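Predicted model only: the values in this text are computed from it and were never measured.
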Amino acid sequence: MLELLYEDKDVIVVKKPVGMESQAAGGFAPDMVSEIKKHIHNLYPGSEEPYVGVIHRLDKPVGGVMVYAKTKKAAAVLSEQVRSHKMRKVYKAVVCGRIVDNVENFVDYLLKDSRSNVSKIVEKGIMGAKRAELRYRVAARQEGEVPLTLVEVELSTGRHHQIRVQFAGRGLPLWGDNRYNPMFSEKGRNRESVALWAWKLGFAHPVTGKAMVFEAEPEGEIFRQFYDRQKMDKSYSEENT
């Protein structure tokens with residue numbers, strides 16, 4: 001069932017579930033575009049085929065906040081915000097490894113291999129390579145056999161598998177990532193989800209210009225481990241003050 005965060009005649013903001021395609025996929029499996037069209041048809045039975053403009057994308061194993069346009073005019077305005085980097089996209093991710101620096105920027109050049117559907121970090125100047133930049137902040141750390149770090153990541157660019165590739169390139173692959181994390185690409189450890197979540201989305205309304213910000217907290221066991229631990233630490237601190 002479609003989970004709505006906001007809707008008007010120009011845009012619809014939804015929470016994409018993990019495991020669903022963010023654009024029309026064809027076949028029998030549901031995708032976000034078909035689910036939104038079904039929702040609009042239910043609101044207005046007998047209406048003509050609704051327009052649903054895909055503004056940005058999330059990988060199938062990634063969930064979180066997304067905005068879609070309900071008119072071509074709104075789609076053009078929102079797409080321009082994406083191109084001009086005025087749409088703010090903030091993610092939460094769990095990476096394998098202990099990050100020392102609490103805040104840092106990553107700048108790389110990524111090259112996508114369409115045949116294998118993976119990207120890799122390459123030298124600047126390689127034909128087809130695109131500049132990729134992000135900024136992260138450490139939100140929490142968890143020690144153990146495999147140290148884990150919860151990070152908040154803000155994208156300055158939107159490249160194919162960008163967050164997954166840039167962290168993996170520094171020896172910090174995302175938990176559950178069966179493309180870029182060797183621990184999960186081994187036989188028997190493949191997963192359909194990766195510890196990456198589109199947590200916050202900010203944009204200007206394409207008609208009114210009003211600043212809009214939407215959030216949805218991450219779902220999944222690995223994220224819950226961090227939030228449960230934070231609640232325990234807070235409770236312990238309050239009891240001992």
Side-chain angles (χ1 to χ4, degrees), residues 1-8 10-43 50-71 74-75 77-79 81-83 86-95 117 119 134 150-155 157-165 167 174-180 190-206 212-224 226-227:
M1 183 176 178
L2 192 67
E3 188 165 348
L4 289 176
L5 300 179
Y6 175 84
E7 183 179 10
D8 62 24
D10 303 297
V11 300
I12 181 167
V13 182
V14 296
K15 183 165 73 173
K16 180 184 108 58
V18 169
M20 185 177 289
E21 296 285 0
S22 58
Q23 56 190 331
F28 297 104
D31 59 70
M32 291 304 297
V33 172
S34 63
E35 290 299 298
I36 292 171
K37 287 185 176 182
K38 187 189 304 180
H39 162 76
I40 296 173
H41 275 306
N42 289 338
L43 287 179
Y51 175 85
V52 178
V54 179
I55 307 304
H56 59 123
R57 294 167 177 79
L58 291 178
D59 297 337
K60 185 176 180 180
V62 179
V65 184
M66 296 192 71
V67 60
Y68 291 83
K70 294 173 69 176
T71 69
V77 175
L78 290 173
S79 295
Q81 290 183 36
V82 174
R83 281 192 293 271
K86 292 179 180 177
M87 182 174 287
R88 189 181 181 209
K89 293 179 280 187
V90 186
Y91 297 75
K92 288 189 178 182
V94 177
V95 304
N117 195 35
S119 291
L134 62 78
L150 175 67
V151 292
E152 294 174 8
V153 184
E154 183 159 4
L155 292 179
T157 57
R159 307 304 183 199
H160 178 256
H161 292 174
Q162 180 177 337
I163 295 173
R164 299 161 68 180
V165 175
F167 276 94
L174 271 61
W175 176 268
D177 192 341
N178 58 20
R179 288 186 182 270
Y180 302 102
N190 289 343
R191 297 168 59 91
E192 294 183 354
S193 64
V194 58
L196 179 62
W197 182 268
W199 166 52
K200 181 185 293 187
L201 182 69
F203 58 91
H205 191 281
M212 311 189 79
V213 179
F214 300 92
E215 295 181 6
E217 288 300 329
E219 298 174 356
E221 179 184 351
I222 195 67
F223 286 109
R224 281 196 295 271
F226 276 92
Y227 290 116

Of all heavy-atom pairs between I55 and M87, which one has the smallest distance, and what is that distance? CG2-CE, 4.0 Å
Who pairs with H161 by ring-ring contact (aromatic ring centres under 6.0 Å, His included), at least two apart in sequence or on another chain? Y180
For E217, give me all partners under side chain to side chain donor-acceptor pair (under 3.5 Å), at least two apart in sequence or on another chain. K92, W199, Y227
What I want to find out is whether E35 reaches K38 closely enough, with some N-O distance under 4.0 Å, to be called a salt bridge. yes
Under a 4.5 Å cut-off applied to non-hydrogen side-chain atoms, are Y68 and V11 in contact? no
Partners of E3 by side chain to side chain contact (heavy atoms under 4.5 Å, CB included), sequence neighbours excluded? K15
Got a sec, which residues hit ring-ring contact (aromatic ring centres under 6.0 Å, His included) with Y51, two or more places apart in sequence or on another chain? none
Basic-acidic side-chain contact under 4.0 Å: K70, E7: yes
Check whether any side-chain heavy atom of L201 lies under 4.5 Å from a side-chain heavy atom of V67, and answer yes or no. yes
Show, in sequence, the C-alpha distance, side-chain angles and deciding distance for H39 and L4, and conclude whether the side-chain contact (heavy atoms from CB on, under 4.5 Å) test is met. CA-CA 10 Å; H39 162 76; L4 289 176; 3.5 Å; yes
Non-hydrogen atoms of L174 and A195 that approach each other most closely: CD2-O, 3.8 Å
Just how far is it from atom OH of Y91 to atom NZ of K200, taken to the nearest 0.5 Å? 14.0 Å
side-chain contact (heavy atoms from CB on, under 4.5 Å) for I40 and I12? Distances and angles first, verdict last. CA-CA 10 Å; I40 296 173; I12 181 167; 5.5 Å; no
Cut-off 3.5 Å, no hydrogens considered: what does the side-chain donor-acceptor table look like for residues 18-34, sequence neighbours left out?
{"residue": "S22", "atom": "OG", "partner": "L58", "partner atom": "N", "Å": "3.3"}
{"residue": "S22", "atom": "OG", "partner": "L58", "partner atom": "O", "Å": "3.2"}
{"residue": "Q23", "atom": "OE1", "partner": "R57", "partner atom": "NE", "Å": "2.9"}
{"residue": "Q23", "atom": "OE1", "partner": "R57", "partner atom": "NH2", "Å": "3.4"}
{"residue": "D31", "atom": "OD1", "partner": "V33", "partner atom": "N", "Å": "3.1"}
{"residue": "D31", "atom": "OD1", "partner": "S34", "partner atom": "N", "Å": "2.8"}
{"residue": "D31", "atom": "OD1", "partner": "S34", "partner atom": "OG", "Å": "3.2"}
{"residue": "D31", "atom": "OD2", "partner": "A25", "partner atom": "N", "Å": "3.2"}
{"residue": "S34", "atom": "OG", "partner": "D31", "partner atom": "N", "Å": "3.2"}
{"residue": "S34", "atom": "OG", "partner": "D31", "partner atom": "O", "Å": "2.9"}

Closest non-hydrogen contact found for L78 with A204 is CD2-O, 4.0 Å
Could you go step by step and tell me if V82 and F203 meet the side-chain contact (heavy atoms from CB on, under 4.5 Å) rule? CA-CA 9 Å; V82 174; F203 58 91; over 6 Å; no
Locate the shortest heavy-atom distance separating N117 from R179; write the atom from each residue and the value. O-NH1, 3.4 Å
Does the plane of the ring in Y6 sit parallel, tilted or perpendicular to the ring in H205? Use 30° and 60° as the thresholds. perpendicular
Would a 4.5 Å heavy-atom cut-off, applied to side chains only, mark P61 and R164 as touching? yes
List the atom of F223, the atom of E219, and the distance in Å for their closest heavy-atom pair. CD1-O, 3.5 Å
Residues in ring-ring contact (aromatic ring centres under 6.0 Å, His included) with F167, at least two apart? F106, Y136
Of all the heavy-atom pairs spanning L196 and A93, show the shortest one and how long it is. CD1-CB, 3.8 Å
